[in-house]
Amino acid sequence: MATTTPTTRRRTPAPPAVGADAHFDADVAVVGGGPVGTLLAVLLGRRGHRVTIVEKWPAFYEQPRAITFDHEIARILAILGIDSDNDPAIDYHNDIYYWKNAEGRTLLEVDWASTAASGWHTRYWFSQPALEKRLRGLAAELPGVSTRCGWQATGLQQDDDGVVLTGTVTSADGTVSTETLRAKYVVGADGANSFVRQALDLGFEDHGFFFDWLILDIIPNEPMPSEPTHWQLCDPARPTTIVPGGPSRRRWEFMVLPGENPAELASTESAWNLLEPWGATPENSVLERSAVYRFQARWASAWRNGRGLIAGDAAHLMPPFAGEGMCAGLRDSLALAWRLDLVLSGKAGEALLDSYGTERAGHVQHYINFSMDLGKIICITDPEEAAERDRRMITELEASDGTPVDTDIATLGPGLWIEGTAHAGELSVQGVVEANGRTGRFDDVVGRGWTIIGRGANPAALLTGEQRRLLDCLGGRCAGIGPADDHSDVVDVDGTYGTWFDALGAEFAILRPDFYVAATASTPEELRAHLNTILAGLRLPAPAPTAAK
Ligand SMILES: Cc1cc2nc3c(=O)[nH]c(=O)nc-3n(C[C@H](O)[C@H](O)[C@H](O)COP(=O)(O)OP(=O)(O)OC[C@H]3O[C@@H](n4cnc5c(N)ncnc54)[C@H](O)[C@@H]3O)c2cc1C
């Protein structure tokens with residue numbers, strides 16, 4: 001029996017053997033009711049799977065943390081019907097993200113003003129508790145999803161059939177008891193100090209980045225416009241971040257300087273002293289939160305052990321300079337949801353779960369390194385080093401063509417995509433299309449999930465009968481995209497796909513349920529060969545034998 005070792009030393013009753021009883025309380029037990037665990041539960045619940053979320057806090061955790069997400073997350077939230085462009089709880093600002101030195105000279109301009117290739121604005125602003133509540137509400141609507149609050153996972157055992165989770169349960173009247181929960185799989189979305197990660201014996205590599213920052217969230221009594229909207233003050237005397245905090249909120253982040261006492265800096269009096277030069281005072285604002293966080297850079301060396309997996313902060317931590325920590329976790333949720341859906345419904349072999357960790361690890365390491373690189377520039381407190389940095393960055397900015405830089409593109413680690421085909425392993429573009437009398441974003445009009453697109457004619461006719469059967473089994477589709485006069489079934493209204501195919505030098509693309517490109521191809525033969533490789537990687541079942549006459 002492959003057993004994982006609980007880290008707790010408490011005495012708990014011996015859990016029942018997993019395989020002894022065919023009964024499962026849930027298909028998937030998710031440990032942690034944060035954004036990552038809850039999104040995963042909603043995605044699986046919508047596919048008809050039974051999910052139990054266990055969350056150690058009896059009451060909802062109201063404190064703001066993440067405040068910004070990127071275009072890819074807007075695309076993911078749209079699966080749930082959340083429209084980040086028009087949602088009252090989500091903001092966007094058509095403005096550049098500036099980095100300035102202590103004298104106010106611009107060091108860097110980051111393009112947060114334009115629409116990203118995935119069809120959504122580059123950056124959105126929100127309050128994490130508001131989003132979490134929204135996700136919990138969506139989970140509560142699903143008959144197969146239940147959330148157990150006050151349930152702290154303390155033990156985990158697994159065998160070939162499933163897992164048994166043991167928990168310390170605190171009821172509303174304060175009574176403490178021990179319960180067990182049986183599920184086919186367990187996912188640890190239980191944050192930085194993940195119990196599940198430790199119980200599964202998955203290492204957590206430390207990349208040695210430690211800086212303490214004071215985070216101040218305020219709710220102004222009146223609108224408090226900032227010019228620029230979001231910017232970084234690279235002042236060695238006090239590196240500072242000034243950003244929106246979602247609708248009706250602002251955030252300041254102040255670096256804790258060497259020798260300062262973090263607790264003293266976070267006191268209410270000190271917080272208002274720091275905010276006063278910025279025009280925020282107790283008279284015009286409410287201080288919602290003052291807390292010092294230690295920014296770290298860590299990732300798990302493996303993301304799966306048997307029937308146990310990890311996601312979100314349990315699998316990776318990064319300093320928030322790129323605003324990508326939760327984003328990475330929500331990508332994990334989607335990457336895991338479509339795989340678990342296929343495995344649980346018997347459409348794919350369990351080995352498919354291995355590519356979850358290899359792909360996500362490679363992708364998240366890119367963002368962790370990127371965030372650390374930003375931090376190394378921002379967290380300079382030595383005046384001479386800062387002056388040298390400023391000279392270098394100003395020279396680079398003056399030598400540039402004036403176009404604000406775009407944050408670079410991350411590629412999946414090795415997994416279910418074909419290396420060497422253009423754009424494979426990267427997020428697919430999304431344009432405005434028209435089909436069946438509807439005009440809008442591709443995902444809404446054509447659909448989400450496995451999709452094979454071709455320039456012009458629908459590529460379905462180019463596939464073998466077996467490939468069409470397997471695509472059907474996946475709930476996938478084919479679509480031909482072209483200009484209005486091309487008689488394609490999908491009209492490329494804003495020309496996104498024509499431009500994309502030109503840039504790729506390809507005629508076909510195989511898109512996955514997480515919007516990543518599995519492969520591109522320039523001939524029908526290539527398309528069929530690449531599709532066979534992808535389908536083999538999924539290990540879809542063979543057709544049922546036809547009864548002998
Ligand atoms: C100051 C700050 C600013 C940030 N800004 C951004 C940003 O702008 N953009 C961005 O993308 N990210 C940002 N992040 C990161 C983001 O907040 C996290 O990545 C995100 O909260 C991770 O979500 P999660 O669901 O993985 O984990 P968490 O939010 O930590 O949730 C884990 C849950 O598991 C529960 N739990 C833990 N152990 C157990 C157990 N044994 N049993 C049951 N339940 C358990 C916890 O109570 C918790 O509710 C920021 C973080 C900080 C600290």
Side-chain angles (χ1 to χ4, degrees), residues 6-8 10 29-41 52-70 72-73 76 123-129 131-132 135-136 147-156 165-170 179 181 186-199 211-217 230 241 243-246 249 251-254 266 289-296 298 300 310-333 336 364 367-368 371:
T7 50
T8 175
R10 291 159 127 282
V30 174
V31 181
V36 173
T38 314
L39 175 64
L40 174 64
T52 301
I53 304 172
V54 297
E55 166 52 53
K56 73 175 175 187
W57 294 116
F60 188 77
Y61 188 64
E62 292 280 359
Q63 299 304 339
R65 282 153 291 147
I67 45 164
T68 177
F69 60 75
D70 65 22
E72 185 178 349
I73 303 310
I76 292 174
R123 282 271 145 204
Y124 293 87
W125 301 88
F126 73 109
S127 161
Q128 184 166 340
L131 179 67
E132 286 184 18
L135 294 174
R136 289 251 184 123
T147 304
R148 300 285 315 273
C149 292
W151 209 108
Q152 178 166 6
T154 53
L156 194 165
L165 206 55
T166 305
T168 303
V169 187
T170 310
E179 281 186 20
L181 175 64
V186 63
V187 178
D190 47 348
N193 301 315
S194 171
F195 156 76
V196 175
R197 184 185 65 232
Q198 295 170 52
F211 285 105
D212 290 338
W213 278 66
L214 171 66
I215 311 298
L216 300 180
D217 286 290
H230 19 60
T241 308
V243 282
R249 286 182 162 82
R251 172 174 286 181
W252 277 262
E253 301 181 355
F254 297 99
R289 168 92 158 152
S290 171
V292 170
Y293 285 90
R294 171 152 293 187
F295 296 167
Q296 298 184 56
R298 304 185 71 163
I310 52 172
D313 276 17
H316 43 77
L317 289 175
M318 68 184 82
F321 299 118
E324 282 292 331
M326 184 197 73
C327 297
L330 299 183
R331 290 183 189 108
D332 298 345
S333 306
L336 193 48
V364 82
Y367 279 110
I368 293 174
S371 306

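We number each residue from 1, following the sequence as shown. Here the structure is a predicted model, which means the values were calculated and not measured. Order of appearance sets the numbers: ligands from 1, and atoms from 1 within every ligand.
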Backbone or side chain, does any N or O of [X] fall under 3.5 Å from an N or O of ligand 1?
X      : value
Val36  : yes
Ile215 : no
Ala153 : yes
Thr68  : yes
Glu132 : no
Tyr293 : no
Trp57  : yes

Numbering as shown, the atoms of ligand 1 that approach [X] to under 4.0 Å (heavy-atom distance):
X      : answer
Val54  : 43 (C), 44 (N)
Gly325 : 10 (C), 11 (O), 12 (N), 19 (O)
Trp151 : 42 (N), 43 (C)
Phe195 : 41 (N)
Gly312 : 26 (O)
Pro35  : 23 (O), 25 (O), 29 (O)

Name the closest protein heavy atom to [atom], giving the residue it belongs to and the distance to 0.1 Å.
atom                    : answer
atom 21 (O) of ligand 1 : Gln128 NE2, 2.8 Å
atom 51 (C) of ligand 1 : Arg65 CB, 4.2 Å
atom 37 (C) of ligand 1 : Asp190 O, 3.2 Å
atom 47 (O) of ligand 1 : Glu55 OE2, 2.6 Å
atom 19 (O) of ligand 1 : Asp313 OD1, 2.7 Å
atom 5 (N) of ligand 1  : Ala66 CA, 3.3 Å
atom 44 (N) of ligand 1 : Lys56 N, 3.1 Å
atom 27 (O) of ligand 1 : Gly191 CA, 3.9 Å

Where does the angle between the aromatic ring planes of Trp213 and Phe321 fall among parallel (under 30°), tilted (30 to 60°) and perpendicular (over 60°)?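 Perpendicular: the ring planes of Trp213 and Phe321 meet at over 60°.
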Side chain, backbone, both or neither: which part of [X] comes within less than 4.0 Å of ligand 1 when only heavy atoms are counted?
X      : answer
Val31  : side chain
Glu324 : backbone
Ala189 : backbone
Phe69  : neither

Can you tell if the side chain of [X] reaches within under 4.5 Å of the side chain of [Y], non-hydrogen atoms only?
X      : Y      : answer
Met318 : Val364 : yes
Thr68  : Val243 : no
Arg65  : Met326 : no
Glu324 : Arg331 : yes
His316 : Tyr367 : no
Leu214 : Ser290 : yes
Arg148 : Leu181 : no

Decide if the gap between the ring center of Phe69 and the ring center of Tyr124 is smaller than 6.0 angstrom.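 Between Tyr124 and Phe69, which both carry aromatic rings, the centre distance is below 6.0 Å.
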At the 4.0 Å heavy-atom cut-off, does [X] count as touching ligand 1?
X      : result
Cys327 : yes
Arg251 : yes
Trp213 : no

Report the residue from Leu165, Ile53, Thr168 that forms a side-chain contact (heavy atoms from CB on, under 4.5 Å) with Trp151.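 Among Leu165, Ile53, Thr168, the one that satisfies the side-chain contact (heavy atoms from CB on, under 4.5 Å) with Trp151 is Leu165.
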Taking all heavy atoms of [X] and all of [Y], pick out the closest pair and write down the distance.
X      : Y      : value
Asp217 : Pro64  : OD2-CG, 3.5 Å
Ser333 : Val36  : OG-O, 2.9 Å
Ile368 : Leu317 : CD1-O, 3.8 Å

Just verifying a value: how many Å separate Ile215 CD1 and Tyr293 OH, rounded to the nearest 0.5 Å?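 Rounded to the nearest 0.5 Å, the CD1-OH separation comes out at 7.5 Å.
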With sequence neighbours excluded, what pairs up with Gln63 under the side chain to side chain donor-acceptor pair (under 3.5 Å) test?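 Listed in chain order: nothing, the list is empty.
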Residue list, salt bridge (charged side-chain N to carboxylate O under 4.0 Å, His left out) with Arg197, at least two apart or on another chain: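 Result, salt bridge (charged side-chain N to carboxylate O under 4.0 Å, His left out) vs Arg197: none returned.
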